[in-house]
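Let me begin by presenting the structure, written as structure tokens, before commenting on it.
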Amino acid sequence: QVQLVESGGRLVQAGGSLRLSCEASALTVGRKVMAWFRQAPRNERELVAVISSDGITNYGDSVKDRFTISRDNAKNTVYLQMNSLKPEDTAVYFCAAGSSWILRGYQANYPSWGQGTQVTVSS
């Protein structure tokens, strides 16, 4: 059974950095489209970052130049490095796995999701 487990979320001060991890089981992250989404209170789920099997990356406008998605194929783990954090980055962050790069912006492209990890950025 496919399982994605996020970790690393915590309370951090504005301007600080945090790295989230997504450990995968029963799938190979190097052969999938892997994405990070987030959902803040009163907001809809939002695409944060996505990486293709070839290593191509896309980012949401709100995090571009601050966040970096990467993967370690040997560890079968995807990461989200978050720098210059802002209070508006506060959300539950979800890892997701899909198949289509063309459809990377659509939640329906991702049949597998993690449970989420809470990131709270204080001002």
Side-chain angles (χ1 to χ4, degrees):
Q1 298 87 343
V2 172
Q3 187 171 9
L4 302 174
V5 180
E6 304 97 331
S7 62
R10 63 175 179 87
L11 174 66
V12 64
Q13 291 184 322
S17 297
L18 201 60
R19 188 177 77 160
L20 306 182
S21 298
C22 172
E23 298 180 64
S25 300
L27 68 80
T28 302
V29 301
R31 304 173 81 170
K32 306 292 290 186
V33 175
M34 301 297 300
W36 288 95
F37 289 79
R38 69 185 182 187
Q39 188 164 21
R42 301 175 299 278
N43 287 15
E44 294 188 352
R45 193 168 295 181
E46 172 191 22
L47 179 64
V48 176
V50 58
I51 185 168
S52 76
S53 59
D54 297 319
I56 302 169
T57 58
N58 276 178
Y59 298 91
D61 288 341
S62 62
V63 307
K64 199 167 299 181
D65 301 321
R66 297 190 297 120
F67 291 10
T68 303
I69 187 172
S70 63
R71 63 172 180 255
D72 185 331
N73 290 342
K75 296 181 179 179
N76 207 32
T77 299
V78 178
Y79 303 97
L80 184 68
Q81 178 67 45
M82 305 184 292
N83 298 326
S84 301
L85 282 162
K86 305 174 180 179
E88 50 263 48
D89 295 318
T90 295
V92 178
Y93 284 72
F94 298 90
C95 179
S99 298
S100 173
W101 181 247
I102 295 172
L103 301 177
R104 62 191 178 276
Y106 296 89
Q107 293 184 37
N109 186 49
Y110 303 95
S112 300
W113 292 79
Q115 83 289 345
T117 186
Q118 176 71 47
V119 173
T120 303
V121 184
S122 63
S123 59

From CD (E46) to CZ (R38), nearest 0.5 Å
4.5 Å
State yes or no: do Y79 and F94 share one hydrophobic cluster built from I, L, V, M, F, W and Y residues joined by side-chain heavy-atom distances below 4.5 Å, directly or via other members?
no
Minimal heavy-atom distance between A24 and L27, with the atoms involved, is CB-CD1, 3.8 Å
Can you confirm whether C22 sits close enough to W36 that some side-chain heavy atom of one is under 4.5 Å from a side-chain heavy atom of the other?
yes
Side-chain contact, heavy-atom cut-off 4.5 Å: L11 with Q118?
no
Can you tell if the side chain of D89 reaches within under 4.5 Å of the side chain of F67, non-hydrogen atoms only?
yes
So which of L4, N76, T77 actually passes side chain to side chain contact (heavy atoms under 4.5 Å, CB included) with V29?
N76
Rounded to the nearest 0.5 Å, the NZ atom of K32 sits from the OG atom of S53 at a distance of 10.0 Å
Starting at CZ of R66, measure out to OG of S17 and round the result to the nearest 0.5 Å.
10.5 Å
Please round to the nearest 0.5 Å and tell me the distance separating atom OG of S21 and atom CZ of R71.
15.0 Å
Do V2 and I51 belong to the same hydrophobic cluster, where Ile, Leu, Val, Met, Phe, Trp and Tyr are linked whenever their side-chain heavy atoms lie under 4.5 Å apart, directly or via other members?
yes
Spacing of E88 atom CD and S123 atom OG [to the nearest 0.5 Å]
10.0 Å
For D65, I'd like to know if atom CG has over 12 heavy atoms of other residues, nucleotides or ligands within 6.0 Å.
no
Hey, quick one: are L20 and L47 part of the same hydrophobic cluster, counting side-chain heavy atoms closer than 4.5 Å, chains of contacts allowed?
no
Would you verify whether the NZ or CZ of R45 falls within 45 degrees of the ring axis of F37 while also being under 6.0 Å from that six-membered ring's centre?
no
Check whether V33 and Y59 end up in the same hydrophobic cluster, where Ile, Leu, Val, Met, Phe, Trp and Tyr are linked by side-chain heavy atoms less than 4.5 Å apart.
no
Quick one: are V78 and I69 in side-chain contact, heavy atoms under 4.5 Å?
yes
With rounding to the nearest 0.5 angstrom, report the CE to OG1 distance, M82 to T68.
11.0 Å
Donor-acceptor pair, T120 side chain versus T90 backbone, under 3.5 Å?
no
Do any N or O atoms from the side chain of Y110 and from the backbone of M34 form a donor-acceptor pair under 3.5 angstrom?
no
Single-linkage hydrophobic cluster, 4.5 Å side-chain cutoff, V50 and I56 together
yes
Check: S100 main-chain N/O paired with N109 side-chain donor or acceptor under 3.5 Å:
yes
Mind running side chain to side chain contact (heavy atoms under 4.5 Å, CB included) on Y93 and E6 for me, showing each step along the way?
CA-CA 8 Å; Y93 284 72; E6 304 97 331; over 6 Å; no
Is the backbone of G30 close enough, under 3.5 Å, to the side chain of T28 for a donor and an acceptor to pair up by distance?
no
